[in-house]
Amino acid sequence: GAVVSQHPSWVICKSGTSVKIECRSLDFQATTMFWYRQFPKQSLMLMATSNEGSKATYEQGVEKDKFLINHASLTLSTLTVTSAHPEDSSFYICSARGTRRPDTQYFGPGTRLTVL
Amino acid sequence: QKEVEQDPGPLSVPEGAIVSLNCTYSNSAFQYFMWYRQYSRKGPELLMYTYSSGNKEDGRFTAQVDKSSKYISLFIRDSQPSDSATYLCAMSPKNAGNMLTFGGGTRLMVKP
């Protein structure tokens, strides 16, 4: 149980375009979903937290107009990187928190974004 | 000083060795402790979840928590090359709701 999927697993796009990443909890309802980014050989950096039906809460330094987060249902959250630039190239990972173990998170497999 | 300190490694051991991975923390409010394993270019996978001080065993893995010393460990017995990965400790206060605080991760290499 507690499986989280992400789509796509990798994406290459041109500078200036927008990219949408989906995060789904497959076998549980995720009351909260989290979005992280991770640079090579570094730990996870929390970008934002989203609760179903509410606006996302962004961490300091993360541009909310650039990283649009939608959490429309208890099993789906999306992250849209708008007007992507090469510096946005990174590994984006979502996680989800359910009610069974509310103090932990289950992670998706990640999405590697490369902006040319 | 970071809230959670973890030696980045890399830690290189021969196959079959006992591996000890550790984290120290400064926030006495942390009550829940987790270990995640992350293979290269993959998302972290939850390995162990503990609440109280003491030991918790699951197969070849043993998680140990010492709240008085603010120190947690993950032991891997009979290590295998497939255990080669980065191990992240994570922790949260009780009723934190959302926030996990991660260590920086320790990269482990198990050589055949």
Side-chain angles (χ1 to χ4, degrees), chain A residues 1-10 21 23-26 28 30-52 54 56-59 71 90-114, chain B residues 2-11 21 23 25 27 29-52 56 58 63 65 72 74 84-109:
Chain A
V3 179
V4 177
S5 71
Q6 266 183 258
H7 178 80
S9 56
W10 58 272
I21 303 170
C23 177
R24 293 181 185 272
S25 56
L26 299 185
F28 68 103
T31 50
T32 306
M33 285 186 168
F34 307 84
W35 287 95
Y36 295 84
R37 66 189 297 183
Q38 186 177 35
F39 292 105
K41 298 189 179 181
Q42 294 188 24
S43 192
L44 304 164
M45 186 183 79
L46 180 65
M47 298 175 67
T49 304
S50 72
N51 293 297
E52 184 261 339
S54 303
T57 301
Y58 291 81
E59 294 300 299
H71 191 165
S90 188
F91 193 52
Y92 292 87
I93 310 175
C94 73
S95 70
R97 181 176 70 93
T99 55
R100 180 173 165 239
R101 278 181 176 171
D103 288 279
T104 192
Q105 298 171 24
Y106 298 92
F107 286 84
T111 297
R112 182 157 301 280
L113 169 65
T114 301
Chain B
K2 294 180 182 177
E3 273 193 296
V4 180
E5 297 277 0
Q6 187 176 5
D7 189 327
L11 177 62
L21 304 167
C23 287
Y25 62 95
N27 188 346
F30 288 141
Q31 298 290 320
Y32 295 91
F33 304 91
M34 287 135 271
W35 285 96
Y36 289 87
R37 176 176 62 195
Q38 185 177 23
Y39 291 112
S40 180
R41 303 189 178 212
K42 298 290 184 184
E45 170 194 8
L46 180 65
L47 278 180
M48 301 290 282
Y49 172 91
T50 56
Y51 172 65
S52 57
K56 180 178 180 181
D58 184 0
V65 174
I72 68 170
L74 177 71
S84 298
T86 296
Y87 290 81
L88 298 155
C89 64
M91 46 198 79
S92 72
K94 190 175 182 181
N95 298 326
N98 296 336
M99 302 304 293
L100 284 181
T101 301
F102 287 90
T106 299
R107 186 172 161 227
L108 171 67
M109 295 186 295

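So that the names make sense, note that chain A is the first sequence line, chain B the second, and so on, each numbered from 1.
Ranked by heavy-atom pairs under 4.5 Å with chain A, the list R107(B), E45(B), Q38(B) is led by Q38(B).
By the ring pair (Phe, Tyr, Trp, His ring centres under 6.0 Å) test, F91(A) pairs with no residue at all, sequence neighbours left out.
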> For L100(B) and R97(A), what are the C-alpha separation, side-chain angles and deciding distance, and is it a side chain to side chain contact (heavy atoms under 4.5 Å, CB included)?
Replying inline: CA-CA 11 Å; L100(B) 284 181; R97(A) 181 176 70 93; over 6 Å; no
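For CZ of R112(A), the number of neighbouring non-hydrogen atoms (other residues, nucleotides, ligands) closer than 6.0 Å is greater than 12. Around the NZ atom of K42(B), the shell of radius 6.0 Å holds no more than 12 heavy atoms that belong to other residues, nucleotides or ligands.
Taking CG from L44(A) and CG from L88(B), the interatomic distance works out to 6.0 Å, rounded to the nearest 0.5 Å.
For a residue to count as touching a neighbouring chain, one of its non-hydrogen atoms must lie under 4.5 Å from one of that chain's; by this rule Q38(A) touches chain B with the side chain only. For Y36(B), the part lying near chain A is the side chain, with the backbone staying farther off; criterion is any non-hydrogen pair under 4.5 Å.
The shortest heavy-atom contact between F107(A) and P44(B) is CB-O, 3.2 Å. Across every non-hydrogen atom of S43(A) and G103(B), the tightest pair is OG-O, 3.0 Å.
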